[in-house]
Amino acid sequence: MTSLVGEDFQDAVLTDEQWEGRTFERCDFTDADLTGLSTRNCVFSDCVFTGTDLNGSKHVATAFRSCKFERTVFGKSTMDGCSLLGSSFVDCRLRAWTLRETDLTLVGMGKADLRGLDVRGIRFREANLVECDLRRCDLREADFTGARMLGARLDDADLRDARIDADALVQAKLWGARIDTMTALAFAAAHGLRVD
């Protein structure tokens, strides 16, 4: 297993690389070209991805722990069975992102544009989703337990079987969202209604 600590990959061109079982700690990938990168069973801890191009990249069972993504391009990238625990996203391009069985617990995604994504079953536990744009997303079975969702836009999203707190139901914008009976009851209770 390759382990790198504090390495500088700024402006590196590492297109179409295949990395397996590698560990990166406090590495800087600022403005690196990582298009087409493929990772499997890798771990990135406290790494910086400012201005990094991850377009078309594929990540399987890879962890990005407490990483910083700023102005990062994720166009047509895929994460399958990954963890982004505690990572932050600022001004990133995420609209063509594909997430499968991925854990976004404690992520900071305030104001992120995720419109129209299929994020069924994704864990957003205790995530910062303040003013996040989730319009028309497929959020079935997603877990929003403890997520901060003040001003989050969930218009026309599919929230059936999603776990979402009463606070989020009050704070988020839900016009036209599809919900199940249990969520409807929680929504009514969160808004002070009595259901007999």
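For the numbers below, each heavy atom of this structure counts, side chains included, while hydrogens, waters and symmetry mates do not.
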T145 side chain reached by D165 side chain, heavy atoms, under 4.5 Å: yes
Interatomic distance, D33 atom CG to N55 atom CG [nearest 0.5 angstrom]: 9.0 Å
same_hphob_cluster(V73, W97) at 4.5 Å side-chain heavy-atom cutoff: no
Residue pair L174, L159: steps toward the side-chain contact (heavy atoms from CB on, under 4.5 Å) verdict: CA-CA 10 Å; L174 297 161; L159 286 161; 3.8 Å; yes
Minimum side-chain heavy-atom gap F9-E7 below 4.5 Å: yes
Derivation and outcome, side-chain contact (heavy atoms from CB on, under 4.5 Å), residues L114 and C132: CA-CA 7 Å; L114 301 172; C132 190; 3.8 Å; yes
Main-chain N/O of R100 paired with T102 side-chain donor or acceptor, under 3.5 Å: yes
Show every donor-acceptor pair shorter than 3.5 Å between a side-chain atom in residues 63-70 and any protein atom, with sequence neighbours excluded, or say none if there are none.
residue, atom, partner, partner atom, Å
K68, NZ, E70, OE1, 3.4

Side chains of R160 and R178 in contact at under 4.5 Å (non-hydrogen atoms): yes
Side-chain ion pair, D143 and R123, N-O less than 4.0 Å: no
Residue among D156, D133, D155 satisfying salt bridge (Lys or Arg N to Asp or Glu O under 4.0 Å) with R115: D133
Full working for side-chain contact (heavy atoms from CB on, under 4.5 Å) between L14 and L37: CA-CA 7 Å; L14 301 167; L37 173 68; 5.9 Å; no
Validation row: T50, R71 side chains within 4.5 angstrom (heavy atoms): yes
R93 atom CZ, neighbour heavy-atom count above 12 within 6.0 Å: no
Backbone N/O of V60 and side chain of T62: donor-acceptor pair under 3.5 Å: yes
Neighbour count >12 (heavy atoms, 6.0 Å) for atom CZ, R140: yes
Parallel, tilted or perpendicular: rings of F29 and F24 (30°, 60°): perpendicular
Side-chain touch I164/I179, heavy atoms, less than 4.5 angstrom: no
Other cluster members, L106 - Ile/Leu/Val/Met/Phe/Trp/Tyr, side-chain contacts below 4.5 Å: L85
L104 vs V119 side-chain heavy atoms within contact, under 4.5 Å: no
Connected via hydrophobic side-chain network under 4.5 Å: L99 and V107: yes
Derivation and outcome, side-chain contact (heavy atoms from CB on, under 4.5 Å), residues M79 and H59: CA-CA 5 Å; M79 292 198 173; H59 310 277; 4.1 Å; yes
CG-CG distance between L193 and L185, expressed to the nearest 0.5 angstrom: 10.5 Å
